[in-house]
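Beneath this line is the structure, given in structure tokens, with notes to follow.
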Amino acid sequence: MVQLFHVYKQYDRESMALSDINLRFDKGEFVFVTGPSGAGKTTLLKMVFREEIPSRGQILVGGRNIALMPLSKLYLLRRNIGVVFQDFKLLKRRTILDNICFALQIVGCPARAQKQRAFAVLKMVGLQHKMQSYPLQLSGGEQQRVAIARALANEPPVLLADEPTGNLDPELAREIMKLFEDINAHGTTVLVATHNREIIRTMGKRTVTLDRGRVVDDTLKATEAL
Amino acid sequence: MTILQNTRYFVREALHSLWLSRARNVLSLATIAISLAVTGVFLYISLNARAIAQAWARDIPLVFFLRGDATEADIGQLHEKLESSPLVEHAEYVGEKEALERFKRLYAKFAGLATDLGENPFPASFEVKLRSAGSRGAMQSFVDEIRQTRCVSDVQFDEEWVRRIDAALLLIDMGGIFLGGVFVLASIFTISNVIRLNIYSYQEEIEIMMLVGAKLGFIRAPFLIEGALQGMLGGLLSIGVLFGLLRGFVLYVAPMNPLITSLVKLQFLPVWACAALVGGGMLMGFAGSATSVGKVVSQA
């Protein structure tokens, strides 16, 4: 589903954000990407939906080399990847219902179906009662859940989440992870960047550990080696 | 369904942006209105000058003198040919005898001169009254064509007069095109920059839209519509300005110079010209917006 071949990312001369990354995430896999702050977790995720372009190397998503994708065709990639951003990236002048409807509108979903689907995903994240609120009227945790609901609205084959539980209390964090697990059970590839060791341990999924831009551990390889 | 839904969204967003940045938008509206009003003034002068020229052209004498040996059949054929031309309102045959009578009547003092000659010196002719000025080229080729006819011996046609009218009209048109063009370019430049500023205030939204998979066209459309709406409003405003200027001219300037009112009845721009100003405004707005929106959205 997602393959990275010798991927490097350099923002400035001194530091390498990612260095020689070779990874493969199969269809229906659930993978945690972990590591200390500044390890390159967010950069790795940004590469997969081409918010960043690799300085070197190739990235294939669904068999397509996304580094070569023209700007005018980028929407084709992004409609197939749901992203939960660390800073939520919600449209501030729209209600949370509209934020989700908008993501559905751009893929050509009819107005009535938009509202039904938006309500359903808001219910999944437990925010259906706040659908008429604006993002800035919500707490950080609530905004995080709206971002998750929006990422799920289109039922994308790949879901990326950057620190999705960073603003949530442990109980809600577990609920969100359960939600990701349910989505994953339906065949969606899920990649979660987190430094929450507790969640990683509890979930028992494949974990890729980064440090200073390099893969220092991949539990899949460790399992294969056994 | 989706097209309708998207169109509604684009228009709503365009109106929202127009209102949100109203102070800035007033600047581009004013620029469009001024440039279109200037173009409109020239169009107005050109159309009225053309009406005056056409009225004058009807009085330009055009006479085809006939050869002495022209037969009745030749005369009949020529008459038919003249009457069938779209440039001719009517053609009147003046026989040799009638020409002589007319000379005696008009120049009674010299009436004896013609009698002394012993024979009638006046040839038969066709006096042509033109329908309109037409283009110089069309008029000239019509005259040349008739001149080639076997029974025509000479032509009396004030080509210089037609050339002057043509030159004057061309000068007005060129002035209008030049000044209008300069103002139109200035407008496109202003709209382009105003829209660019508007887009910058939506930078965060544009980035989010791209990240959730919006097509570039979907992101750009509201800004293009906003530009076109600005142009349309500017066009309507320019018609208002022109109407005010003309009313002022008719009420305060024209009475001071009776020559103006005696020449021709001044007419406001016809509907097609008003529609062209509004349509032109929309095109300018669209073009101005398109020059910014492509660049800025691609950078997001």
Answer with side chain, backbone, both or neither: which region of A:R94 has an atom nearer than 4.5 Å to a non-hydrogen atom of chain B? side chain
Here the gap from A:R93 atom CZ to B:L20 atom CG, rounded to the nearest 0.5 Å, amounts to 7.5 Å
Judged by atom type as modelled, is there a donor-acceptor pair below 3.5 Å linking the side chain of A:R78 to the main-chain atoms of B:M210? yes
Should A:R79 and B:K215 be marked as a side chain to side chain contact (heavy atoms under 4.5 Å, CB included) after you check the CA-CA gap, both sets of side-chain angles, and the distance that decides it? CA-CA 10 Å; A:R79 285 179 184 188; B:K215 283 186 186 178; 3.7 Å; yes
Heavy-atom contacts under 4.5 Å, residues 122-161 of chain A to chain B: A:R150
If you count heavy atoms of other groups shown closer than 6.0 angstrom to CZ of A:F88, is the number above 12? yes
For the atom pair CD1 (A:I106) and CE (B:M209), what is the distance rounded to the nearest 0.5 Å? 7.5 Å
Using a cut-off of 6.0 Å, state whether more than 12 heavy atoms not belonging to A:Y11 lie near its atom OH. yes
Rounded at 0.5 Å granularity, tell me how far OH in A:Y75 sits from CG in B:L216. 9.5 Å
Taking only residues at least two apart or on different chains, which pairs with a member in residues 225-237 of chain B satisfy side-chain hydrogen bond (donor to acceptor under 3.5 Å, both in side chains)? B:S17-B:E226, B:N25-B:Q230, B:S28-B:Q230, B:N198-B:E226
A:Q3: side chain to side chain donor-acceptor pair (under 3.5 Å) partners, not counting sequence neighbours: none
Please say which of B:E205, B:E207, B:E204 ends up in a salt bridge (charged side-chain N to carboxylate O under 4.0 Å, His left out) with A:K89. B:E207
Under 3.5 Å, side chain of B:Q5 to main-chain N/O of A:C109, donor-acceptor pair present? yes
Determine, step by step, whether B:L211 and A:F85 satisfy the side chain to side chain contact (heavy atoms under 4.5 Å, CB included) criterion, reporting the C-alpha distance in whole Å, the side-chain angles of both residues, the deciding distance to 0.1 Å, and the verdict. CA-CA 10 Å; B:L211 290 174; A:F85 300 95; 3.7 Å; yes
Part of residues 281-290 of chain B lying next to chain A, heavy-atom separation under 4.5 Å: none
At a 4.5 Å cut-off on heavy atoms, which part of A:K92 comes close to chain B: side chain, backbone, both, or neither? side chain
For A:L90, is it the side chain, the backbone, both or neither that has a heavy atom under 4.5 Å from a heavy atom of chain B? backbone
Under 6.0 Å from the OH atom of A:Y8, do we count more than 12 heavy atoms belonging to anything else shown? yes
